[in-house]
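All remarks here apply to the structure that follows.
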Amino acid sequence: MLSILFAIFMIWFIFKLGIFGIRASWGILKLLCTVVFFPVILIALVIGGLIYIALPILIIGGIIALIASKA
């Protein structure tokens with residue numbers, strides 16, 4: 001009986017730890033994308049001569065940032 005109880009609690013603990021890990025990695029990934037990846041992609045588009053694509057993406061991102069900062 002004690003072994004079954006231990007197994008149930010161990011499964012519950014691993015499940016909770018997994019959810020915590022997914023939430024933590026999602027937060028780190030969001031920060032990494034906004035600070036590193038998106039600006040690098042926009043700079044690469046401008047250097048590659050695709051300013052017609054980079055400018056609307058930058059404008060849309062700026063509008064979203066303004067709306068999100070007021071909420």
Would you compute the distance between atom CH2 of W12 and atom CG of L17 and round it to the nearest 0.5 angstrom? 10.5 Å
Pick out which of L55, I53, V40 makes a side-chain contact (heavy atoms from CB on, under 4.5 Å) with L45. I53
Common cluster, F37/I28, ILVMFWY with side-chain heavy-atom separation under 4.5 Å: no
Nearest 0.5 Å, please: how far is CG in L5 from CZ in F9? 4.5 Å
Would you say L58 ends up clustered with L50 if hydrophobic residues are merged whenever their side chains have heavy atoms under 4.5 Å apart, either directly or through other cluster members? yes
Quick one: CZ on F20 to CZ on F15, what's the gap to the nearest 0.5 Å? 15.0 Å
Do L29 and C33 touch side chain to side chain, with heavy atoms closer than 4.5 Å? yes
For the residue pair L31 and T34, what are the closest heavy atoms and their distance? O-OG1, 3.1 Å
If two hydrophobic side chains count as joined below 4.5 Å and joins carry through other members, does I51 share a cluster with I59? no
